[in-house]
Amino acid sequence: SAQLQATHMSWRRIVTLCFASAIPCPCLGASLTYYDSYRSKILPSGLIRAQRDFFGGYGYNRFNEEGWYTSCWVQEHTDGLKRATKKLEKGSNDEPKKKRKRKTK
């Protein structure tokens, strides 16, 4: 651990030089990415959540605000969100279900 802490900046420089020189270094780059994700408090799951929200209207929570959000990316998403919200409110057996508040961005 201490050795990685001491040398990770050199590791970054090598990967950067390889990328800038168009020299493939898949193992060095992938291992550096793995190292960064391993020591990160917040993993980059925001992109995955945004993609899920874009394609399925699943929604996401934010770190800087409380609540559950979904974005209306295009008109089709706005229509799909309305249908999904109605479906959530009804539930599977047509009994009223507890409403989950969704905020739109």
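For the pair Arg39 and His8, the minimum side-chain heavy-atom distance is below 4.5 Å.
Atom CD1 of Ile14 and atom CD1 of Ile23 lie 11.5 Å apart (nearest 0.5 Å).
Sorted by first then second residue, the salt bridge (charged side-chain N to carboxylate O under 4.0 Å, His left out) pairs that include residues 4-19, not counting sequence neighbours, are Arg12-Asp36. Evaluation of the salt bridge (charged side-chain N to carboxylate O under 4.0 Å, His left out) test over residues 16-25, restricted to residues two or more places apart or in two chains, returns none.
Note on Leu17: it does not cluster hydrophobically with Tyr35, by side-chain heavy-atom contacts below 4.5 Å among ILVMFWY residues.
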Determine all donor-acceptor pairs shorter than 3.5 Å in which one atom belongs to a side chain in residues 24-34; sequence neighbours excluded.
| residue | atom | partner | partner atom | Å |
| --- | --- | --- | --- | --- |
| Ser31 | OG | Cys27 | O | 2.7 |
| Ser31 | OG | Leu28 | O | 3.0 |
| Thr33 | OG1 | Gly29 | O | 2.9 |

